[in-house]
There are 2 protein chains.
Amino acid sequence: MTARRGGKGVTLKDVAAHVGVNASTVSRALDARKAHLVQVDTRLLVQGAAKQLGYRPDRVAGALRRGATGTAGVVVADLANPFTAPVIHGISQALRPMQMVPMVLETNDDRSQLEASIDHLLSRRVDVVIVAAARFDDRAVLEDAARHTPMILAARGIPGCALPQVLHDDQLGGALAAQHLLGLGHTRLVELRGPADIGNFVGRHTGFQRTCKAAGAEVIVLENALRPRLEDGERLANVLLDEHAGRMPTALFAHNDLLALGALGVFRRRKLQCPRDVSIIGYNDSLGIDQVDPPLTSVVYPGVEVGRRAGELAMRIAHGQRPADSGVLITSELRIRRSTARPRRA
Amino acid sequence: MTARRGGKGVTLKDVAAHVGVNASTVSRALDARKAHLVQVDTRLLVQGAAKQLGYRPDRVAGALRRGATGTAGVVVADLANPFTAPVIHGISQALRPMQMVPMVLETNDDRSQLEASIDHLLSRRVDVVIVAAARFDDRAVLEDAARHTPMILAARGIPGCALPQVLHDDQLGGALAAQHLLGLGHTRLVELRGPADIGNFVGRHTGFQRTCKAAGAEVIVLENALRPRLEDGERLANVLLDEHAGRMPTALFAHNDLLALGALGVFRRRKLQCPRDVSIIGYNDSLGIDQVDPPLTSVVYPGVEVGRRAGELAMRIAHGQRPADSGVLITSELRIRRSTARPRRA
DNA sequence: CTGTTAGCGCCTTCAC
DNA sequence: GTGAAGGCGCTAACAG
C-alpha cells in the first residue's frame, strides 16, 4: 500500500518527479487553501500520485518555513491528580477541530520543572501555551515567557497577572459551601485548606471565610495542607481531633474531595460519625464520590468546561485573534448528598 | 533580561554576529557533545552571549536537520477515564530524563480518530509512538504505520501483533478474582464484561472463566458492556436482576471499578445488600475506591508502572536500540476489602 | 496556471 | 580550532 524510499520518507519532490511537475505545484495542489490555483487535471494527478506513493507532508519542515507548528503546550501540575485529566480532556476537545496537537508536560508543582517545561515548549516552537499549573510566585517566569510565545492560564489563576485566565469561580464555590452549612444551622466550622500559593484554594478560602464571617459563625483555623491529597487530609483531621478536642466543629469544608476522603477515614477510625457528628463537604465532585459512605456533598468543579474554554481561547490566540475577554470565570454549583446534615443538638 | 529582535526570535547567527564568530562555532559551543571541540575562551564567550541575548535553540530547525524531533506520540482512548491518567503519568516520568516531550492524542475508541491521530503524529515526525488505545481490529493500521515510525502498544494489547507490547497481566488478574471468590465458597458467579475487542477485557474474561470452569463453578453469561462506564454497569445490573431473578449469582466480577460501582448502585436501590446478597469485585483499584460503601475489593491495575515501562521501552527504541524483549507483562495483585464475603447459606 | 528562486534555522561535512 | 558551504523539506514571492 504505502510506499517508502530507502528508509526515508516520500517528499514533495518525489511526488513532483513522479507526476512531472514542479514541487511548488504539488505543494499547492495538496494545500486545501491553494488547490484552486492549480488546474483541475494536474491537481487530480498530483493527489493521485501523493496517495499512491504514500506521501505524508513533513510538518516539521512546514513549521520551519511558516513559523507555526500547529502545536500547543499544556503544562499541568500532576497528571495523577484526578482533577487534572478532565481539564486536559477539555483542552483536547478544543484543539481537535483546529487540527492542533497538545504537548503535555508535568511540573509536579516544582518551580524548576515549570521552567524546564516552558523551555522545552518554547524551543519546540509551540504556537501557544496553556498553563494549568501556576503558583503565585511563578508570575514573573510566566509573564516573561509570554513575551516570546502567547500564554494563557487555565484552572489555576494568579491575581493581577497580565496573562489571559480561564478559571472556575472558586470564591463562589467556597461561598456555596458556607451557605449550605450555615443554612443547616452549623455555627462552628473548620476548613481543610489547600496550599496557600495556589489560586483555587485561596479563592475557596476567601469565599468560605467571608460568608461565615458575615453570618457570625466561628471558623477554626488549621494549617494549610502541603499537598491537597488523601494523606494530608488524614494528617489535618488528626491535628484537629488532637488539638481541638474540646471545641470540635460540627462541619468541615475540605478544599477538595481527596482531603475530604482522608478526613472521613480518620473520623471513622476514631469513632466520629458523618454526618451525625461532623458534616463534611468536599470539592470537585470527583467521579465515584457519590458512592462513598456517606455519599459526599461536594462543589462541582467543571474541569472539562474549564479546559474546553481555555483551549478555545488558546486557539483564537494561536490564530492571531487577540480577544477582548482576557478572563473567563466559570460558575459553580453544589451537589448536595448525605455527608451534610443539621448539627446534633449541642 | 531576555532580549528579542523585531518580533522574531534570536538565532544562532545573531549570537555568532554578536561574538564575532561563525554560526558553526556557536552551534558547537552550545552542544554539550561538541563543546570540547571549541577553544575554552570562545566557548565561554559564546555561552555568555547566548544567555545575554536570550538565545533559545530552535528545535524545529534542529529536528529538520537531524531527523529527530525529541517528541513521542501518545495515543489514548479517553483522558476522562480514570484509568488513563496514571498511564500517561508513567510515560511522562520515563520521557522527562530523556528530554523528550509527549504529544497526547485521544481516539474516543473511534477508528477514524485513531487514524487521524497517527497521521498527525507521523506528520509531525515524532520519534516513536506509544499506543494505549488499541482495539483488535486496529492491528493492520498500526502495523502499517509502524513501517514509517517505530510504534509500541501499551496497556492494551493485540494478540499476535508484531509490535512490542507493554501490558498488564489481565489474565492473571481475572484468575485472582476468580480464586478469591471461589475460595470464599461461591459457586454461581457472573461477569460484567468490558468490550470484546479490547485485549484487557478479553484477558480478564479468559482468566476468570478458565479458573471458574476448572473449579466446576457456574458463570452466568451476560452481554458485554458497550463502554466500560458507570452507566453500562447500571444497565447490565438491571438486566441481571430482570432476567436472572430466579438464579441470582452470589458473586460478581466487574471488569473495572466503574462497572462495579454502577452495579453496586443498582443493587442498593433494588434492595440487595453487598456483600450479604452479592459479593462484588472490581478492577483497577481506583483512587478512593476504598472509601466506597462497602469498600470495594479490586484487582490492582498498575497504570503508572505500565506507563513507565512503556515509556522506557519507547525511549530505547527512539534512540535506536531495538531491544530483544518485545513484550513485557506486568503482574497483578488483589486488594481484598469488604465487598466480598462468603455467600449466605443457600 | 506553473516554474524558478530563495530561504526558514540548524548541523555536518569538508577545508583550512 | 574555526570558517564556509550545503541542504534537511517545505512554501512564499516573483516571474513568466
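By convention in this document, chain letters (A, B, ...) are assigned in the order of the sequence lines, proteins followed by strands, and residues within each chain are numbered from 1. Atom set for the values below is all heavy atoms of this structure, side chains included, hydrogens, waters and symmetry mates excluded.
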In whole angstrom, give the distance that lies between atom [atom1] of [X] and atom [atom2] of [N].
X: R59(B); N: dC11(C); atom1: CZ; atom2: C1'; answer: 13 Å
X: Q39(B); N: dG1(D); atom1: CD; atom2: C1'; answer: 6 Å
X: R124(B); N: dC10(D); atom1: CZ; atom2: P; answer: 14 Å
X: R66(A); N: dA13(D); atom1: CZ; atom2: P; answer: 12 Å
X: L37(B); N: dC16(C); atom1: CG; atom2: C1'; answer: 16 Å
X: L12(B); N: dA4(D); atom1: CG; atom2: P; answer: 14 Å
X: K13(A); N: dT4(C); atom1: NZ; atom2: P; answer: 13 Å
X: D58(A); N: dT11(D); atom1: CG; atom2: P; answer: 9 Å

Quick test of your reading of the model: are D109(A) and R156(A) salt-bridged, counting only N-O distances below 4.0 Å?
yes
In terms of side-chain geometry, is the basic nitrogen of R135(B) or D110(B) positioned less than 4.0 Å from the acidic oxygen of its partner?
no
Using a cut-off of under 3.5 Å, enumerate the N/O to N/O pairs linking the protein to nucleotides 5-7 of chain D.
| from | atom 1 | to | atom 2 | distance (Å) |
| --- | --- | --- | --- | --- |
| dG6(D) | N2 | R65(B) | NH1 | 2.6 |

With a cut-off of less than 4.0 Å, is there a side-chain N or O of T42(A) near OP1 or OP2 of dT2(C)?
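Yes, T42(A) has a side-chain N/O under 4.0 Å of OP1/OP2 on dT2(C).
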Got L153(A) and L142(A) here, is their nearest side-chain heavy-atom distance under 4.5 Å?
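They are in side-chain contact.
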By side chain to side chain contact (heavy atoms under 4.5 Å, CB included), which residues pair with [X], not counting sequence neighbours?
X: A85(A); result: A85(B)
X: I330(B); result: V166(B), P302(B), E305(B), V306(B), R309(B), V328(B)
X: N22(A); result: S24(A), T25(A)

With the threshold set at under 4.0 Å for non-hydrogen atoms, list the residues of residues 25-35 of chain A touching DNA chain D in residue-number order.
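Under 4.0 Å from DNA chain D: S27(A), R28(A), K34(A).
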Specify the angle, to 10°, made by the local axes at the two ends of the helix from dC1(C)-dG16(D) to dC16(C)-dG1(D) when five pairs are taken at each end.
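Angle reported: 40°, given to the nearest ten degrees.
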Please figure out whether V40(B) or L64(B) has its closest DNA chain D nucleotide nearer the 5' end.
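Looking at DNA chain D, the more 5' nearest nucleotide goes with V40(B).
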Using atom types as modelled and distance alone, determine if a side-chain donor or acceptor of Q165(B) lies under 3.5 Å from a backbone N or O of I158(B).
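Here the side-chain-to-backbone pair exists.
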Taking any heavy-atom pair under 4.0 Å as a contact, classify V60(A): base, sugar-phosphate, or nothing.
nothing
Closest non-hydrogen contact found for E143(B) with G160(B) is OE2-O, 4.5 Å
